[in-house]
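Note that this is a predicted model, so its numbers are computed, not measured.
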Amino acid sequence: MRNRSDGRNFTLRNLMSKSLLQRYPKHIEVPLLLLVSFAMLLVALSMPLMKVEKMVFWKNEYSVIAGVHGLWGQGQYVLAVILFFFSVVFPIFKLAVLAFVWFIPLAEGKRKTVLHWLGILGKWSMLDVFVVAILIVLVKLGPLAKVEPQRGLYWFAAAILFSMITSMYVDSLAGKGD
């Protein structure tokens, strides 16, 4: 162990840290899992999550983006920001961090810290699916409205589950060591 001029200690091993890609070059499934998770998320965000029918005359389909836009337009800024963060920003951020951990060389301690925090935050990744489910139940309680889940809800849930599986897989590979 040597001292740097700024007083921090470091080891030669930390300087020569490898990316997970370098440690596991034959695991081509990880970049594929990341790519498929991201593609599924983009598809899910563009598809309608639910169709709302009030009486017989009014029908409308809502995607995540349309829901955020509608909430913002109605002045429900806090709900719009929460929905946008948990449904759009966090899933994309999570996949970006997983790609970073896979492709970029990091010291073991730093990689473990990043994956630990990603695991903690990942526990919230199904919150948005839960919120949509609650919305469907609440609107169904109204006697004049009918809400039907659409294929986007299933795509969204599948994309989130797929990213969770990818995260667990990368975490397990990172924990194996060299």
Open item on the list: Tell me whether Phe90 shares a hydrophobic cluster with Trp117, the cluster being built from Ile, Leu, Val, Met, Phe, Trp, Tyr side chains joined at under 4.5 Å.
Closed with: no

Task: Spacing of Arg23 atom CZ and Leu21 atom CG [to the nearest 0.5 Å] - done: 11.5 Å

Open item on the list: Nearest 0.5 Å, please: how far is CZ in Arg111 from CD1 in Ile104?
Closed with: 11.0 Å

Open item on the list: Donor-acceptor check, side chain of Ser87 to backbone of Phe84, threshold 3.5 angstrom: yes or no?
Closed with: no

Open item on the list: Hydrophobic clusters here meaning ILVMFWY residues chained together by side-chain heavy-atom distances under 4.5 Å, can you tell me if Ile165 and Val36 are in one?
Closed with: no

- [ ] Quick one: do Ile65 and Val88 satisfy side-chain contact (heavy atoms from CB on, under 4.5 Å)? Show the steps, please.
- [x] CA-CA 8 Å; Ile65 302 301; Val88 180; 3.9 Å; yes

- [ ] Compare every heavy atom of Leu83 with every heavy atom of Gly67, then report the nearest pair and how far apart it is.
- [x] C-CD2, 4.2 Å

Task: Sidechain-backbone polar pair: Thr113 side chain, Gly109 backbone, donor-acceptor under 3.5 Å - done: yes

Task: Shortest non-hydrogen contact from Ser37 toward Leu95 - done: CB-CD2, 3.7 Å

- [ ] Report the residues that fulfil ring-ring contact (aromatic ring centres under 6.0 Å, His included) with His27, sequence neighbours left out, ordered by chain and then residue number.
- [x] Tyr24

TODO: With the side chain counted from C-beta on, respond yes when Tyr169 and Glu29 share a heavy-atom pair under 4.5 Å apart, and no when they do not.
DONE: yes

Open item on the list: Quick check for you: to the nearest 0.5 Å, what is the distance between Leu33 atom CG and Leu98 atom CG?
Closed with: 10.0 Å

Open item on the list: Between Gln74 (side chain only) and Leu71 (backbone N and O only), is there a donor and an acceptor less than 3.5 Å apart?
Closed with: no

TODO: State plainly whether one hydrophobic cluster holds both Val30 and Phe103, where clusters connect Ile, Leu, Val, Met, Phe, Trp and Tyr through side-chain heavy atoms under 4.5 angstrom apart.
DONE: yes

TODO: Taking the side chain as every heavy atom from C-beta outward, state whether Phe156 and Ile160 have any pair of such atoms under 4.5 Å apart.
DONE: yes

- [ ] Check whether Val101 and Phe93 end up in the same hydrophobic cluster, where Ile, Leu, Val, Met, Phe, Trp and Tyr are linked by side-chain heavy atoms less than 4.5 Å apart.
- [x] yes

- [ ] Check the hydrophobic clustering (I, L, V, M, F, W, Y; side-chain heavy atoms under 4.5 Å; chains of links allowed) and say if Val89 and Met164 are grouped together.
- [x] yes

Task: Closest contact, heavy atoms only, Ala174 versus Leu115 - done: CB-CD1, 3.4 Å

TODO: Carefully, step by step, assess Phe100 and Val114 under the rule side-chain contact (heavy atoms from CB on, under 4.5 Å).
DONE: CA-CA 10 Å; Phe100 177 80; Val114 169; 5.6 Å; no

Task: Nearest-0.5 Å distance, OH of residue Tyr154 to CG of residue Leu161 - done: 13.5 Å

TODO: Flag the pair Phe38 / Ile92 as yes when at least one side-chain heavy-atom distance between them is below 4.5 Å, and no otherwise.
DONE: yes

Task: Closest approach of Pro31 to Ile28 (non-hydrogen atoms, all atoms of both residues) - done: CD-O, 3.2 Å

Open item on the list: If the condition is ring-ring contact (aromatic ring centres under 6.0 Å, His included), which residues does Trp72 pass it with, not counting sequence neighbours?
Closed with: Tyr77

Open item on the list: Using every non-hydrogen atom in the two residues, find where Gln22 and Pro105 come nearest and quote the distance to one decimal.
Closed with: OE1-CG, 4.1 Å

Open item on the list: Does any part of the side chain of Leu118, heavy atoms only, come nearer than 4.5 Å to the side chain of Lys94, both counted from C-beta?
Closed with: yes

Open item on the list: Can you tell me how far apart CG (Leu35) and CE (Met40) are? Round to the nearest 0.5 Å.
Closed with: 12.0 Å

- [ ] Count the heavy atoms belonging to other residues, nucleotides or ligands that lie under 6.0 Å from CH2 of Trp155, then report whether that count exceeds 12.
- [x] no

Open item on the list: Distance check, rounded to the nearest 0.5 Å: Lys51 atom NZ versus Glu148 atom CD?
Closed with: 4.5 Å

